[in-house]
Amino acid sequence: TSSEVPSGYAGVSWSAPTYDATVVEVSTRDDLVTAAKAGGKIIVVKGMIDMTGGMLPSKGGDTTTELDDFVNTTTSGAYTTYSAWKAAYAAACTLTSDDEKSGDYNTGLYSTLWALSNAYKSQIQLVVASKTMIVGADSSSGIKGANISLSGVEYVTLRNLIIQDAYDPFPHHEVKSDKATSDGYNAQWDCITIQGDTSHVWIDHCILEDTLTLDHVYTSGVASDDYKEKWQTYDGLLDIKGKSEYITVSYTKFKNHDKTSLLGSDDSEGNDASSRLITYHHNYFYNCGKRLPMMRNGTFHL
């Protein structure tokens, strides 16, 4: 019910939000985006809503007609298909190329890469306002291909949702000192990103999962195992960063993912046990690689 108080840290000083009188039922991307941005609503998701507009492929690294059209339009015809872009970008990279941010080791396609990435972000990011509850209508309802973004908000509840495939077709090449631990081509988007000064968030009885496998490419166009790197199209399932606190994740399934759940983006973020108060309880991690979760600087119930 709308007056239910969360368990764990999210329930500390919980003040039941006042919602608009009308429950909003949504079954399309545009209606979901509008309702989530407005805030103050109980949003009931009916069926699986595809935030990508058909750009989500059936296999990692593959394409769709919609994704080809997106690449063609965004690059003004410089690359007419996604496959052409992918091949060109891999060939433009070396093992020491770093396109994470502007700098000395950028490829010649740095600007095009980030134009594609930012345009894709505008399509798939679901910005959720304060005092919003999003709940699945039934056990087959949810959101796919989205980055659900909670930033600087409070009193947000996500329940009974299948949240799939925060898929990034435009990963950037990244370098670490140890190539064995490098992500190669690194993705941007999480299924759920909680950041900024966000508080009182309850994620309950959800399923967070990948359904696509990773692809590999030959960096510099060299067909050798020394140049074969991950075309990493997934980042996290649930990442909590910044000053976010009073958060509970309960009875949620994390499935088929590598970098599963990160709490704190680096070692300097948050510096004592009074910040980032987070509870994870009765969750299930199935076929997950790491970060189950990975925690930095705070107080955690697990």
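A quick note: this is a predicted structure, and the numbers were derived from the prediction, not measured.
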Carefully, step by step, assess T34 and D31 under the rule side chain to side chain donor-acceptor pair (under 3.5 Å).
CA-CA 5 Å; T34 299; D31 287 347; 5.5 Å; no
Scanning both residues in full, the closest heavy-atom pair of W114 with E100 reads CZ2-O, 3.7 Å
Is it the case that the side chain of D98 and the backbone of Y105 share a donor-acceptor pair, with hydrogens and angles ignored and the cut-off at 3.5 Å?
no
Taking atom NZ of K86 and atom CG of L67, what is their separation to the nearest 0.5 Å?
10.5 Å
Could you tell me whether K230 and D215 make a salt bridge, using a distance below 4.0 angstrom between a side-chain N and a carboxylate O?
no
Does V201 belong to the same Ile/Leu/Val/Met/Phe/Trp/Tyr cluster as L302, with side-chain heavy atoms less than 4.5 Å apart forming each link?
yes
Intermediate values then yes/no, side chain to side chain donor-acceptor pair (under 3.5 Å), T193 and N147:
CA-CA 7 Å; T193 303; N147 166 231; 3.1 Å; yes
Please verify the inter-ring angle class for Y251 with H282; under 30° counts as parallel, over 60° as perpendicular, anything in between as tilted.
parallel
Using side chain to side chain contact (heavy atoms under 4.5 Å, CB included), reason through S15 and H200 one step at a time and then give a plain yes or no.
CA-CA 9 Å; S15 177; H200 294 98; over 6 Å; no
Could you see if L237 belongs to whatever hydrophobic cluster contains I278? Use Ile, Leu, Val, Met, Phe, Trp, Tyr and a side-chain cutoff under 4.5 Å.
yes
So, for T74 and A115, which heavy atoms are closest and what is the spacing to 0.1 Å?
CG2-O, 3.9 Å
I192 side chain reached by L208 side chain, heavy atoms, under 4.5 Å:
yes
What I want to check is whether the side chains of D210 and H257 have a donor and an acceptor closer together than 3.5 Å.
yes
Describe, in one word, how the ring planes of W202 and W14 are oriented to each other, choosing from parallel (under 30°), tilted (30 to 60°) and perpendicular (over 60°).
perpendicular
Could you give me the CA-CA distance, side-chain angles and deciding distance for H173 and T107, then say whether side chain to side chain donor-acceptor pair (under 3.5 Å) is met?
CA-CA 9 Å; H173 196 269; T107 67; over 6 Å; no
Side chain to side chain, L262 and R296, heavy atoms closer than 4.5 Å
yes
For K253, I'd like to know if atom NZ has over 12 heavy atoms of other residues, nucleotides or ligands within 6.0 Å.
no
Establish, from distance only, whether the side-chain atoms of S141 and D138 form a donor-acceptor pair under 3.5 Å.
yes
Would you check if the side chain of S122 reaches a backbone N or O of N118 as a donor-acceptor pair within less than 3.5 Å?
yes
Cut-off 3.5 Å, side chains only: do D99 and Y89 have a donor facing an acceptor?
yes
Below 30° counts as parallel, above 60° as perpendicular, anything between as tilted: where do the rings of F285 and F254 land?
parallel
Show your reasoning for whether salt bridge (Lys or Arg N to Asp or Glu O under 4.0 Å) applies to D197 and K243.
CA-CA 5 Å; D197 193 2; K243 297 180 180 179; 5.6 Å; no
Any sub-3.5 Å donor-acceptor pair from S244's side-chain atoms to I240's backbone N or O?
no
One should read off an interatomic distance between F300 CZ and T279 OG1, to the nearest 0.5 angstrom, of 10.5 Å
Can you sort out the partners of H216 under ring pair (Phe, Tyr, Trp, His ring centres under 6.0 Å), two or more places apart, ordered by chain and number?
none
Quick check: does any side chain N or O of T198 sit under 3.5 Å from a backbone N or O of Q195, one acting as donor and the other as acceptor?
yes
Would you indicate whether the side-chain heavy atoms of T64 and L56 approach each other to under 4.5 Å?
no
Salt bridge or not for K41 and D20, using N-O below 4.0 Å?
yes
Same cluster or not: L32 versus W189, using hydrophobic residues (I, L, V, M, F, W, Y) connected whenever any side-chain heavy atoms lie under 4.5 Å apart?
no
Looking only at non-hydrogen atoms, find the nearest pair between N106 and S102 and report the distance.
OD1-CA, 3.3 Å
Should L126 and V33 count as side-chain neighbours, where that means a heavy-atom distance under 4.5 Å?
yes
Thinking salt bridges, do D235 and K259 make one under a 4.0 Å N-O criterion?
yes
Pair E245-S199, side-chain donor/acceptor within less than 3.5 Å
no
Is L158 reachable from I162 through a run of hydrophobic residues whose side-chain heavy atoms are each under 4.5 Å from the next?
no
Determine whether the side chains of T52 and D50 contain a donor N or O and an acceptor N or O closer than 3.5 Å.
yes
Please check if the side chain of Q164 supplies one atom and the backbone of G145 the other of a donor-acceptor pair under 3.5 Å.
no
Quick one: does L113's side chain get under 4.5 Å of W85's, heavy atoms only?
yes
Euclidean distance, L95 CG relative to E229 CD, rounded to 0.5 Å:
5.5 Å
Side-chain heavy atoms of M55 within contact of Y120, under 4.5 Å:
yes
Kindly work out whether a path of hydrophobic side-chain contacts (I/L/V/M/F/W/Y, heavy atoms less than 4.5 Å apart) joins Y246 to L150.
no
Indicate the atoms forming the closest heavy-atom contact of G136 with L161, along with that distance.
N-CD2, 3.5 Å
Closest approach of E209 to I207 (non-hydrogen atoms, all atoms of both residues):
CD-CG2, 3.9 Å
Dump the intermediate steps for side chain to side chain contact (heavy atoms under 4.5 Å, CB included) on V24 and V44, then the final yes or no.
CA-CA 6 Å; V24 179; V44 177; over 6 Å; no
Under 4.0 Å between a side-chain nitrogen and a carboxylate oxygen: does that hold for R159 and E4?
yes
Rounded distance (nearest 0.5 Å) linking atom CG of N72 with atom OG1 of T80:
6.0 Å
Close side-chain approach of Y19 to M133, heavy-atom, < 4.5 Å
yes
When you measure from the side chain of D68 to the backbone N and O of T81, does any donor-acceptor pair fall under 3.5 Å?
no
In Å and rounded to the nearest 0.5 Å, what is the CD1 to CD1 distance from I134 to I148?
6.0 Å
Determine whether a donor-acceptor pair (N or O, by modelled atom type, separation under 3.5 Å) exists between the side chain of D165 and the backbone of T211.
yes
Output field: ring centroids Y185/H172 closer than 6.0 Å:
no
K131, NZ: over 12 other non-hydrogen atoms inside 6.0 angstrom
no
May I ask you to decide if C93's main-chain N or O and S220's side chain share a donor-acceptor pair within less than 3.5 Å?
yes
Could you grab the distance from atom CD1 of I203 to atom OG of S250, nearest 0.5 Å is fine?
9.0 Å
Are any side-chain N or O atoms of T132 and backbone N or O atoms of V156, one a donor and one an acceptor, separated by less than 3.5 Å?
no
Check whether any side-chain N or O of R276 sits under 3.5 Å from a backbone N or O of K241 as a donor-acceptor pair, and report yes or no.
no
Locate the shortest heavy-atom distance separating A187 from P171; write the atom from each residue and the value.
N-CB, 4.1 Å
Indicate yes or no: at least one non-hydrogen side-chain atom of V249 is less than 4.5 angstrom from one of S261.
no
Assess the side chains of D168 and Q188: does a donor N or O sit below 3.5 Å from an acceptor N or O?
no
Criterion ring pair (Phe, Tyr, Trp, His ring centres under 6.0 Å) on H301 and Y9, from CA distance to verdict
CA-CA 8 Å; H301 291 161; Y9 273 126; 4.5 Å; yes
